[in-house]
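Single-structure report; data block below.
If you're wondering where the values come from, they're calculated on a predicted model, not measured in any experiment. When a residue number appears, it is its place in the shown sequence, counting from 1.
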Amino acid sequence: MTGASRERAFGLEPYVDYLRYERGLADRTVSAYRREVEALIRHFDSVGIDDPKAVTTSDLRDYVFALSDRGLKASSVRRAISAMRTYFGFLVEESELTADPTERLDAPKSGRPLPDVLSMDEVLRMIEAPRLDSPFYWRDRAILEFLYATGVRVSELVELPLGRVYLEDGICLVLGKGSKERLVPIGGAARAATGTYLREVRPGLDRGRSAGMVFLNRMGKPLSRVAVWKIVKEAARAAGVEKRVSPHTLRHTFATHLLEGGADLVAVQELLGHADISTTQIYTHVDREYLKEVHRRHHPRA
């Protein structure tokens with residue numbers, strides 16, 4: 001396996017994008033984490049591990065021992081462990097893994113901080129934030145509406161083909177992690193914005209290089225993950241939202257708002273495309289007061 005194919009198998013580039021755009025880390029920190037994970041991937045290759053799903057806590061302990069045996073300072077070993085935890089946490093968050101092998105590495109890892117959840121007012125302000133005089137107004141608005149209405153991952157959004165969007169029926173067919181398909185409803189507002197974009201904007205962008213994807217850039221090519229991150233962040237800035245916002249924030253907000261509205265956790269798991277419900281529980285926290293209110297209203301002895 002070549003170095004490039006190893007990195008693809010282990011999702012290195014999406015991980016680096018996550019650090020830079022989702023976590024907002026400085027370039028220097030991103031480079032340091034990348035080097036650590038590249039070294040980890042090379043180690044896995046040397047011991048015959050070609051898939052992150054095959055990595056165990058024991059494998060990681062062996063790697064840490066190997067670092068120590070090479071005479072690395074304790075601070076360098078701690079940095080390597082920190083990078084491993086961030087990397088495997090990312091894979092769990094992306095539903096590439098259902099369990100984090102770093103959780104039992106040395107001391108148990110404290111829970112990762114959940115992304116901020118937007119209020120309904122903040123969501124609406126972001127959706128209305130794109131400039132009306134921009135030629136990409138309807139594209140950007142459709143992207144914001146679509147992310148919040150469906151809870152799709154940014155990778156699923158940019159890889160969504162026209163033939164899998166059924167606006168009249170209000171659904172889209174999403175190809176998720178592990179090439180698993182799922183049907184996701186599209187709400188009325190998202191249907192309207194996406195329909196306007198498809199009728200009035202996309203035909204002018206498509207120059208035969210669209211690969212059949214829904215959302216295109218000014219060159220007529222499919223939008224990249226980074227481009228969508230920039231659209232979301234600019235909308236948050238223009239809307240005066242002071243929280244750290246990314247496409248994943250809208251996904252997390254989608255799930256949280258559904259739960260707060262009374263949706264069943266299993267249904268939310270299906271909508272998000274999670275293989276394991278424990279991942280849904282990580283993504284979707286519900287305010288304690290809301291839970292108390294549900295208990296008070298529905299438990300016969302409350």
Side-chain angles (χ1 to χ4, degrees), residues 1-115 153-155 176-180 225-226 229 244 246 248 273-283:
M1 185 182 289
T2 66
S5 59
R6 276 199 308 270
E7 292 178 359
R8 282 194 298 274
F10 281 86
L12 180 64
E13 290 306 322
Y15 167 66
V16 171
D17 284 345
Y18 162 79
L19 294 177
R20 181 171 288 121
Y21 299 105
E22 196 93 12
R23 294 279 301 274
L25 300 182
D27 288 345
R28 196 173 184 177
T29 305
V30 172
S31 296
Y33 272 52
R34 178 177 189 138
R35 286 193 300 270
E36 295 291 352
V37 174
E38 284 174 335
L40 180 66
I41 293 171
R42 287 194 298 271
H43 168 77
F44 288 151
D45 186 57
S46 72
V47 297
I49 297 174
D50 58 6
D51 189 322
K53 296 184 181 68
V55 176
T56 67
T57 303
S58 179
D59 294 324
L60 297 180
R61 285 200 188 102
D62 289 344
Y63 179 62
V64 171
F65 291 149
L67 294 178
S68 299
D69 289 343
R70 279 161 43 191
L72 266 65
K73 295 179 181 177
S75 59
S76 298
V77 175
R78 283 196 298 270
R79 186 174 64 237
I81 293 173
S82 176
M84 284 191 285
R85 286 178 170 164
T86 306
Y87 168 69
F88 283 101
F90 163 75
L91 293 180
V92 171
E93 195 167 278
E94 288 288 291
S95 296
E96 294 285 359
L97 301 179
T98 57
D100 186 345
T102 69
E103 285 186 347
R104 296 187 181 183
L105 188 64
D106 295 334
K109 192 181 87 166
S110 59
R112 292 189 306 279
L114 289 166
R153 302 175 178 92
V154 63
S155 57
K177 298 293 181 181
S179 298
K180 293 180 180 178
R225 289 165 56 115
V226 173
W229 270 320
R244 178 174 289 175
S246 70
H248 181 68
H274 287 161
D276 192 283
I277 200 165
S278 64
T279 310
T280 313
Q281 291 168 331
I282 293 171
Y283 273 60

### Summary
Arg85 and Asp100 have their tightest heavy-atom pair at O-OD2, 4.5 Å
### Message
Would you say Thr29 and Arg23 are linked by a side-chain donor-acceptor pair, where the criterion is simply a distance under 3.5 Å?
### Response
no
### Query
If you measure from CG on Leu60 to CD1 on Ile81, what distance do you get to the nearest 0.5 Å?
9.5 Å
### Query
Looking at CG of Leu19 and OG1 of Thr86, how far apart are the two atoms once the value is rounded to the nearest 0.5 Å?
7.0 Å
### Message
On a heavy-atom basis, which atom in Pro101 and which in Phe88 lie closest, and how many Å separate them?
### Response
CG-CD2, 3.6 Å
### Task
Would you check if there is a donor-acceptor pair between the side chains of Ser82 and Tyr33 at a distance under 3.5 Å?
yes
### Task
Answer yes or no: is there a side-chain heavy-atom contact under 4.5 Å between Trp229 and Glu22?
yes
### Query
Taking all atoms of both residues into account, what is the closest heavy-atom pair of Val37 and Tyr15, and its distance?
CG2-CE2, 3.5 Å
#### Entry: For Met84 against Thr102, the heavy-atom pair lying closest together
O-CG2, 3.8 Å
## Note on the structure
Residues Ala80 and Leu67: closest non-hydrogen pair is CB-CD1, 3.6 Å
### Query
Closest approach of Arg225 and Ser155, non-hydrogen atoms and distance?
NH1-CB, 3.5 Å
### Query
Is any side-chain heavy atom of His248 closer than 4.5 Å to a side-chain heavy atom of Val154?
no
### Summary
One should read off an interatomic distance between Arg79 CZ and Glu36 CD, to the nearest 0.5 angstrom, of 5.0 Å
### Task
Starting at CG of Leu40, measure out to CG of Asp45 and round the result to the nearest 0.5 Å.
11.5 Å
### Task
Give me the ring orientation class for Tyr63 and Phe44: parallel if the planes are under 30° apart, tilted from 30 to 60°, perpendicular past 60°.
tilted
